[in-house]
There are 2 protein chains.
Amino acid sequence: MTPLYLKIYHQIKSDIQQNVYPANAFLPSENDLVAQFHTSRDTIRKALAKLDKEGLIQKRRGKGSQVIAHQLRHFPISGLTSFHELKLLQHFQVVTELPVFETITVTADDQEVTLFPIGTPLYHIVRVRIIDNIHSVIDEDYIRADLIPDLTPAIAKQSIYAYIENELHLSVAFAEKTITAELVTARDRDLLIGLPTDENRLIQVESQVHLSDTTYFQHTIARHRPDQFQFNEFARRQTT
Amino acid sequence: MTPLYLKIYHQIKSDIQQNVYPANAFLPSENDLVAQFHTSRDTIRKALAKLDKEGLIQKRRGKGSQVIAHQLRHFPISGLTSFHELKLLQHFQVVTELPVFETITVTADDQEVTLFPIGTPLYHIVRVRIIDNIHSVIDEDYIRADLIPDLTPAIAKQSIYAYIENELHLSVAFAEKTITAELVTARDRDLLIGLPTDENRLIQVESQVHLSDTTYFQHTIARHRPDQFQFNEFARRQTT
DNA sequence: GAGTGGTCTAGACCACACG
DNA sequence: GTGTGGTCTAGACCACTCT
């Protein structure tokens with residue numbers, strides 16, 4: 001059963017996108033929405049809080065909730081959305097290659113890279129994403145094999161997250177991400193066919209991903225061809 | 001007057017950082033906290049929601065609120081925090097140069113770059129940040145001069161945000177950010193003294209910043225030396 | 001003064017985890 | 001069953017904006 005506040009959130013979000021509430025217009029007041037949806041103010045406020053967090057509206061005391069006019073029609077790449085889901089939103093032709101699919105056990109050497117304890121059984125998966133015929137990204141994954149069993153190359157070529165969430169019914173909760181610019185290695189040049197020779201760095205997005213019971217189950221290193229990389233974010237000023 | 005839920009948030013956050021609640025431990029239940037702080041459950045839940053959003057705790061239905069053990073002791077560079085504030089958190093020696101400080105009026109050419117309408121009066125400010133003796137960042141700002149009057153080079157060398165918020169009492173609300181890797185220009189080489197010649201790109205963080213009445217007042221382009229760039233983020237999986 | 005969103009209260013029922 | 005967090009209600013008072 002979907003919570004009521006989420007239904008209201010989706011309704012209002014849809015109305016914003018359909019221009020029922022155009023950019024810079026004000027939504028009905030919270031009291032009006034209470035009457036309109038036959039619910040309590042707290043429920044309305046939860047729906048509006050979610051719209052606010054995502055950057056669709058700006059709330060102002062004494063005035064109302066105003067629809068934000070976005071400069072760039074961005075879909076945030078932020079917020080832990082997987083590659084597969086991202087590509088569905090867009091209309092790119094994507095081919096995935098799978099140069100590495102193996103199971104390993106963490107050694108002292110691996111430990112520093114993966115941040116998993118020695119002895120942990122892992123899947124080690126390397127995928128190359130070819131987007132509209134350009135070798136764009138190298139995705140390297142280390143995934144705990146005891147928690148995520150029976151991974152197959154077929155699943156890796158589709159969506160690992162869909163398998164984790166829909167088949168295993170595990171809940172992915174949060175990740176710590178770090179974006180840096182790293183020097184190109186010989187292996188990078190092997191995998192990213194067509195990378196111009198004067199490019200000396202790739203943009204790296206490194207993530208440690210955790211389940212909702214806070215167990216750390218996945219380490220991902222995505223290395224992007226620099227001219228194909230873009231990261232968008234909607235950020236609110238901290239209130240502290 | 002600070003709202004009660006923020007006081008409770010700060011108290012619990014401090015307790016987490018002081019290891020009163022160590023990593024992986026559970027906080028007292030919401031009902032216990034209600035008794036402890038002599039308040040209502042909703043107020044406690046607001047405080048916990050803020051801790052959850054910032055990645056300090058993970059809430060789990062039927063179990064409790066667990067302190068997240070962070071792999072990297074990160075302070076998120078995310079969330080619209082200004083350069084000046086960031087540097088205060090750390091202990092770097094920072095020198096700011098000010099090669100450009102001028103007022104301009106937007107022309108047809110500028111419009112595409114700044115996204116401001118033709119005729120808008122702007123401050124155009126370029127700052128170079130030298131961190132621990134390394135020329136690390138070029139900050140280029142376009143700021144609406146009608147909204148943010150009387151800017152001076154002295155203010156630009158300190159913190160423009162402190163001036164906006166503490167002197168003008170305006171409220172910075174949100175920004176749209178885009179991170180890309182851009183080709184180095186001749187001007188970049190002039191300003192970023194010491195940039196290695198084999199580096200062909202800078203990491204660019206472009207932001208459109210808005211006030212709480214949603215007016216767009218600042219366009220910022222920060223270009224980082226690639227070996228000095230790092231961007232950290234705590235991201236939760238979208239519930240949609 | 002009227003209307004707006006921000007905070008706070010006190011209570012209810014539900015879904016889930018665990019013994 | 002007991003305890004946990006998740007949702008929802010109905011009401012109150014406050015701070016702010018605008019006329």
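This one's a predicted model, so the numbers in the text were calculated from it and none came from an experiment. Every chain is numbered from 1, with letters handed out A, B, ... down the list of sequences. Side chains are part of it too, since the values below use all heavy atoms of this structure and drop only hydrogens, waters and symmetry mates.
If you measure from atom CD of Glu30(B) to atom P of dT9(C), you get 14 Å, rounded to the nearest angstrom. When the C1' atom of dT4(D) is taken as reference, atom NZ of Lys59(B) falls 10 Å away, rounded to whole Å. Distance, Lys50(A) NZ to dT7(D) C1': 15 Å, rounded to whole Å. Separating the OH atom of Tyr5(A) from the P atom of dC8(D) is a distance of 8 Å, rounded to the nearest angstrom. Distance NE2 (His169(A)) to P (dC16(C)): 13 Å, rounded to an integer number of Å. A straight line from NZ of Lys46(A) to P of dG5(C) spans 18 Å, rounded to a whole angstrom. Rounded to an integer number of Å, the gap from CG of Leu27(A) to C1' of dG3(C) is 16 Å. When rounded to the nearest whole Å, the span between CG of Asp213(B) and C1' of dT4(C) equals 16 Å.
A close approach under 4.0 Å does not occur between any side-chain nitrogen or oxygen of Thr43(A) and OP1 or OP2 of dT7(D). Contact check, Ser29(A) against dT4(C): a side-chain N or O comes under 4.0 Å of OP1 or OP2. Under 4.0 angstrom from either OP1 or OP2 of dG5(C) there lies no side-chain N or O belonging to Arg45(A).
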Going by atom type alone, with no hydrogens or angles, which donor-acceptor pairs under 3.5 Å involve a side-chain atom of residues 14-26 of chain A and a protein atom two or more places apart or on another chain?
from     : atom 1 : to       : atom 2 : distance (Å)
Asp15(A) : OD1    : Gln11(A) : NE2    : 3.1
Asp15(A) : OD2    : Gln11(A) : NE2    : 3.3

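With no hydrogens or angles considered, no side-chain donor-acceptor pair links Gln218(B) and Arg144(B) at under 3.5 Å.
We find that Lys63(B) and Asp213(A) are not joined by a salt bridge, their nearest charged nitrogen and carboxylate oxygen being 4.0 Å or further apart. In summary, Glu54(A) and Lys13(A) engage in a salt bridge, as defined by a charged side-chain N under 4.0 Å from a carboxylate O. Under 4.0 Å is where a charged nitrogen must lie from a carboxylate oxygen, and between Arg45(B) and Glu30(B) at least one such pair does.
A search for ring pair (Phe, Tyr, Trp, His ring centres under 6.0 Å) contacts involving Phe116(B) returns Tyr216(B), not counting sequence neighbours.
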Nucleotide N/O to protein N/O under 3.5 Å, stretch nucleotides 10-17 of chain D:
from    : atom 1 : to       : atom 2 : distance (Å)
dA12(D) : N6     : Arg41(A) : NH1    : 3.4

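The residue Leu4(A) sits close only to the backbone: its heavy atoms come under 4.0 Å of sugar-phosphate atoms, none of a base.
Considering only the side chain of Asp32(A), dT4(C) comes nearest among dT4(C), dG6(D), dC8(D).
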- Determine, step by step, whether Leu151(B) and Ile143(B) satisfy the side chain to side chain contact (heavy atoms under 4.5 Å, CB included) criterion, reporting the C-alpha distance in whole Å, the side-chain angles of both residues, the deciding distance to 0.1 Å, and the verdict. CA-CA 10 Å; Leu151(B) 267 183; Ile143(B) 302 177; 4.1 Å; yes
